[in-house]
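Everything on this sheet refers to the single structure shown next.
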Amino acid sequence: PFRHIDPETKMKDCPWYDRGFCRHGPYCKHRHRRRAVCPNYLAGFCPQGRECQHAHPSFGLPSFENIAISHAKPS
Amino acid sequence: PIYDQDLATMEDRPWRKPGADITDYFNYGFTEETWNLYCERQKKLRIEFGGNQQAANNAL
Amino acid sequence: PIYDQDLATMEDRPWRKPGADITDYFNYGFTEETWNLYCERQKKLRIEFGGNQQAANNAL
Ligand SMILES: [Zn+2]
Ligand SMILES: [Zn+2]
């Protein structure tokens with residue numbers, strides 16, 4: 001079956017929201033994807049790394065460079 | 001103090017308004033308060049264990 | 001809790017592999033060494049706080 005491609009799915013995830021907070025809220029041009037944070041990573045360390053099913057938010061401020069990198073990473 | 005620069009520079013707090021959805025602004029179940037605590041912890045631990053003030057500042 | 005996991009006993013330490021990004025595994029700028037130091041301190045604090053991890057975290 002064909003899946004309807006919502007234009008929203010073409011949008012990039014918001015790097016600020018992925019970090020935890022985005023000042024633009026519902027008016028942001030990027031997609032705000034709600035995720036559950038990994039409790040281990042929040043404590044400081046998770047042995048699962050990228051394989052973890054929960055989010056490991058990066059705290060570095062988004063720059064043009066790491067927006068491009070995070071966009072290239074499979075999520 | 002407010003530890004997140006972005007939050008600190010905001011004059012109004014639109015997520016506090018009636019009808020606003022806080023999850024439009026904060027991910028991972030954060031609230032204004034827990035987000036601030038989290039940012040504070042990021043800063044403290046990076047300074048203490050990184051031992052490198054400049055690197056810690058750059059990360060914030 | 002994760003503080004009790006001894007990294008030295010882990011057979012596979014994928015963050016050491018070439019091309020691995022340590023920040024995928026360690027938050028707050030930790031490295032294997034600083035994380036071990038931090039865990040030691042957490043364990044001591046937890047004893048002081050009668051096993052209350054939250055209180056131990058808040059003390060930092
Ligand atoms: Zn956004
Ligand atoms: Zn995890």
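Chain identifiers are assigned alphabetically (A, B, ...) following the order of the sequence lines, protein sequences preceding nucleic acid strands; residue numbering begins at 1 within each chain.
For chain B, the nearby part of A:His24 is the backbone; its heavy atoms alone come within less than 4.5 Å. Heavy-atom distances place the side chain of B:Phe30, and not its backbone, under 4.5 Å from chain A.
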**Request:** Report the C-alpha separation of B:Asp4 and A:Arg23 in whole Å, then their side-chain angles, then the decisive distance to 0.1 Å, and conclude whether the salt bridge (charged side-chain N to carboxylate O under 4.0 Å, His left out) test is met.
**Result:** CA-CA 11 Å; B:Asp4 181 56; A:Arg23 62 187 295 144; over 6 Å; no
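Identified by a heavy-atom distance below 4.5 Å to chain A, the contributing residues of residues 12-23 of chain B are B:Trp15, B:Asp21, B:Thr23, in residue-number order.
Looking only at side-chain heavy atoms (C-beta outward), B:Met10 and A:Phe21 come within less than 4.5 Å of each other. For the pair A:Phe59 and B:Tyr38, the minimum side-chain heavy-atom distance is below 4.5 Å. The shortest side-chain heavy-atom distance between A:Pro57 and B:Tyr28 falls under the 4.5 Å cut-off. Using a 4.5 Å heavy-atom cutoff, the side chains of A:Pro26 and B:Tyr25 are in contact.
Closest of all the heavy-atom pairs between A:Tyr17 and B:Asp24 is CE1-O, 3.7 Å. In terms of heavy-atom proximity, B:Asn27 sits nearest to A:Asp18 at ND2-CA, 4.2 Å.
The pair A:Arg19-B:Asp6 does not meet the salt-bridge criterion, since no charged nitrogen lies less than 4.0 angstrom from a carboxylate oxygen.
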